[in-house]
Every structure is written in C-alpha cells, then in structure tokens.
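Just so we're on the same page: letters track the sequence lines, and every chain starts at 1. All values derive from a computational prediction rather than experimental measurement.
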Protein chains: 2
Amino acid sequence: MRVSTRFSDSIHLLAFLNIYADQHLTSDLIASSIETSPVVVRRLMGKLRQAGLITTTPGSAQPALAKPLAQISLLQIFYAVEGDKPLFAVDPKTNPECIVGGNIQTVLQQYYQDAQTAAEARLARTSMQDIVDNILVEQAKKEALPHN
Amino acid sequence: MRVSTRFSDSIHLLAFLNIYADQHLTSDLIASSIETSPVVVRRLMGKLRQAGLITTTPGSAQPALAKPLAQISLLQIFYAVEGDKPLFAVDPKTNPECIVGGNIQTVLQQYYQDAQTAAEARLARTSMQDIVDNILVEQAKKEALPHN
DNA sequence: CTTCCTGTAACTATATGAATTACTGTGATT
DNA sequence: AATCACAGTAATTCATATAGTTACAGGAAG
C-alpha cells in the first residue's frame, strides 16, 4: 500500500497550530505547510477534534490546541488518527485443520501486542512540547549558519 | 494500502517447516496451511533463504530451517521480509519555507526510530522456539477439551 | 525422458490512502 | 439581509502496495 502519513502530518499540524497561533489559520494555509490539500487538513482536524486534542469553529478559521503542548502525547495523536490499525498484522485466514494454521493467530497476537505496546510506551513518553522544542532548536541551528 | 501479512505468514511458514519436517514439504502443501498460493510461499521462501534462515533445493521439495529454532528471532524474520519499511512513516514532502515544514522530518526521525527500536527489541527477544512451543501448548489445550 | 517441483517474471485484482471535486451550512462583514 | 470566506463532509478519481494468477525455464529423481 501507499504508506500512511496521517500520523506524521497530524504532528505537523499540531505543531503548526502552536507556532503560528497568531496567524489566520485556514486549512489552506496549513495545507501549504504540509504540502497537501485543504480537504486532507480538514479531515485530519476532524479526527483530532473528535479525540479532544483541538477545538475548531465551523465557518471560521480558528483552530486551536485544546490543551497545553505538554499534555498532548504522540500516543494520543497516534490513536486519534491510526488507532484502529495494529502495527503488525496477523494473517486472519489460515487453515484451522493444521496445527500451525489453527493456533498461529492466538500465539502471534500476544507477541505482536507486546511489541506494539513497547513502541506505544515510547510514543506516550514524548509530548508535543518535545516536538515543538526540537523544531525550534533545529531552526535555530540553521539560522546560526552563515547564509549564502 | 492493503496491509502486509508477509511477516505473519513467514513465521507461520517457519513453524510449519519445523512441525511437519517429516512430510513432503512442497510449496503447495505449505500454501494450503497458510491459505495462500504456492507462488506466494515460494516468494517468501526466497526472502528467507536470502536472509540465511532456511535452505531450499531448486526442483526438489525439501526446504529446511538453516539453524535451530532458538537461534531464529522474530526480528530476523521481520528484517528478512519487511526490513526496508519503517513502522512509522515520515511525510517526505513538506514545505521547507516553513519553520515546521522545514524541520519536522529531522525531529520526527529520532522519535520514530526510538519507538521502532523499542518494538524491535521485543521482537529480538522472541525466538521461533517460543512460537512453536506456544503453538503446541495451544493445540494441547484444544485436545484436552471434550470433543463433540 | 518423464514427472514433480522450485524459482521467477509478468500480469491482474484488490485494498488503502491521498487528492480532487462538489456541496451544505456557519460565521463574519458590510 | 446579502455576500464572502471558510469549515465539514461525501463522492469520485488517482496512485501505489500487496496478494493472487498465469506462464515458463530449469533442476531433481525415478
């Protein structure tokens, strides 16, 4: 498949709302930063709003973070936009007549869940505050270099 | 995209090679357990052979594990068949003129890598021996139940 | 030399995600 | 209240990753 950039783009979007909070935040402006279409941005905002991470006003360009940066973890964002898809997929259709085919799902389920939980624990430990801080640090590094 | 079951099916395949080592292991037989086509099985075996996990003989149905079960970790299998794809995708195309768009990739890269490494560490800790043991335990549980 | 099988390439079918088009309805401005 | 800017969302199209299928060359084993 085409690999999903929803998670990545959502983090981008939330950082943008914070850093450019003083601007007129239309879906068009946000889309120009992510380099996607305004409709995609509005769809992402829909998911993030449902998850309680942002607030929006129909008809008016004033999306805003619903909580402080430090209280929004990458895991919350991940669940908001990709929450239904496991990281590792178990083949759902195997031959139940076979010792392997009849039991593999049950067995893999546990180990896959363990691995996913390990990754999620990491995502839970990182907040949008960390992301924004790092973005600003990277930007400062660039500006410290001589310009040509 | 359609979600990949290569990893899952490869674990299935390796377990099958061990448990049914005494059978005539044609790609057709293996395919009937995974409920896929023989060509898909041969393609998976190709990857697993390249990764040094199994040995095969062209023209002859005798695939076999290249090492003991305990020395094959889930991580090795994952790399063999999905190794090129990161678990979390960074949107590669964002507006470099923007503070967020110009730095988000660099920042996400680190955090995504951390999360992926955490998951991989888990996969590295589990071997095909664990998988096969668990499959046999599950099977024994079923056989202990009264049959109708 | 015939049969069974692997290894692959080429093609088709299907699923997911993103982009596009189009529309409804809200809010702000005059 | 009329108009304009914009959010929200459905429906469609387009692109791409995977799996399934067909086809065939070549090895193994009787």
Without decimals, in angstroms, what is the distance between [X] [atom1] and [N] [atom2]?
X: A:Asp84; N: C:dG17; atom1: CG; atom2: P; value: 8 Å
X: A:Asp91; N: D:dG20; atom1: CG; atom2: C1'; value: 13 Å
X: A:Met45; N: D:dC6; atom1: CE; atom2: P; value: 12 Å
X: A:Leu13; N: C:dA18; atom1: CG; atom2: P; value: 13 Å
X: B:Leu44; N: C:dT8; atom1: CG; atom2: C1'; value: 14 Å

Next item on the list: Mind listing the residues from residues 97-109 of chain B sitting with a heavy atom below 4.0 Å of DNA chain D? Number order is fine.
Entry: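 By residue number: none to list.
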Next item on the list: Using a cut-off of strictly less than 4.0 Å between a heavy atom of the residue and any atom of DNA chain D, enumerate the qualifying residues of residues 16-33 of chain B by number.
Entry: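 Contacting residues: none.
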OP1 or OP2 of [N] versus the side-chain N and O atoms of [X]: is any pair under 4.0 Å?
X: B:Thr5; N: D:dA19; answer: yes
X: B:Arg49; N: C:dT6; answer: no
X: A:Lys47; N: D:dT9; answer: no
X: A:Lys85; N: C:dG17; answer: yes

Notebook entry, point to check: What residues form a salt bridge (charged side-chain N to carboxylate O under 4.0 Å, His left out) with B:Arg6, not counting sequence neighbours?
Noted result: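 Testing B:Arg6 for salt bridge (charged side-chain N to carboxylate O under 4.0 Å, His left out), a comparison that skips the adjacent residues, returns B:Glu82.
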Check: So do A:Leu17 and A:Ile30 actually touch side chain to side chain, heavy atoms under 4.5 Å?
Finding: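 Counting from C-beta outward, A:Ile30 and A:Leu17 do come under 4.5 Å.
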Item checked: 4.5 Å side-chain heavy-atom contact, B:Asp91 and A:His12 ->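 Result no, sub-4.5 Å side-chain heavy-atom pair not found.
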Notebook entry, point to check: Ignoring hydrogens and geometry, is there a side-chain-to-backbone donor-acceptor pair from B:Asp130 to B:Ser127 under 3.5 Å?
Noted result: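 Answer holds: yes.
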Item checked: Main-chain N/O of B:Leu29 paired to B:Thr26 side chain as donor or acceptor, under 3.5 Å ->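 Checked: pair present.
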Margin query: Which residues pass the side chain to side chain contact (heavy atoms under 4.5 Å, CB included) test with A:Val137, not counting sequence neighbours?
Written below: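 So A:Val137 forms a side chain to side chain contact (heavy atoms under 4.5 Å, CB included) with A:Lys141.
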Item checked: Inter-residue atom distance A:Asp9.CG - A:Glu35.CD, 0.5 Å rounding ->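 Answer for the CG-CD pair, A:Asp9 versus A:Glu35, is 10.5 Å.
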Notebook entry, point to check: Looking only at N and O atoms, is any donor in the side chain of B:Arg43 or the base of D:dG20 less than 3.5 Å from an acceptor on the other one?
Noted result: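 Such a pair exists between side chain and base.
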Margin query: Looking at every non-hydrogen atom in both residues, tell me the closest pair between A:Pro38 and A:Ala31 and how far apart they are.
Written below: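 Nearest heavy atoms, A:Pro38 then A:Ala31: N-CB, 3.6 Å.
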Note to self: When you compare the side chains of B:Asp114 and B:Gln110, does any donor N or O come within less than 3.5 Å of an acceptor on the partner?
What the structure shows: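 No pair is found: no donor N or O on one side chain lies under 3.5 Å from an acceptor on the other.
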Notebook entry, point to check: Do B:Gln129 and B:Asp133 have a side chain donor and acceptor closer than 3.5 Å?
Noted result: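 Indeed, the side chains of B:Gln129 and B:Asp133 share at least one donor-acceptor pair under 3.5 Å.
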Note to self: Please encode protein proximity along nucleotides 22-30 of chain D as a string of B, S and -, counting only heavy-atom distances under 4.0 Å.
What the structure shows: B---BBSS-
Next item on the list: Would you mind listing every ring pair (Phe, Tyr, Trp, His ring centres under 6.0 Å) that reaches into residues 45-87 of chain B, with sequence neighbours excluded?
Entry: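 Qualifying pairs, neighbours excluded: A:Phe88-B:Phe78, B:Phe7-B:Phe78.
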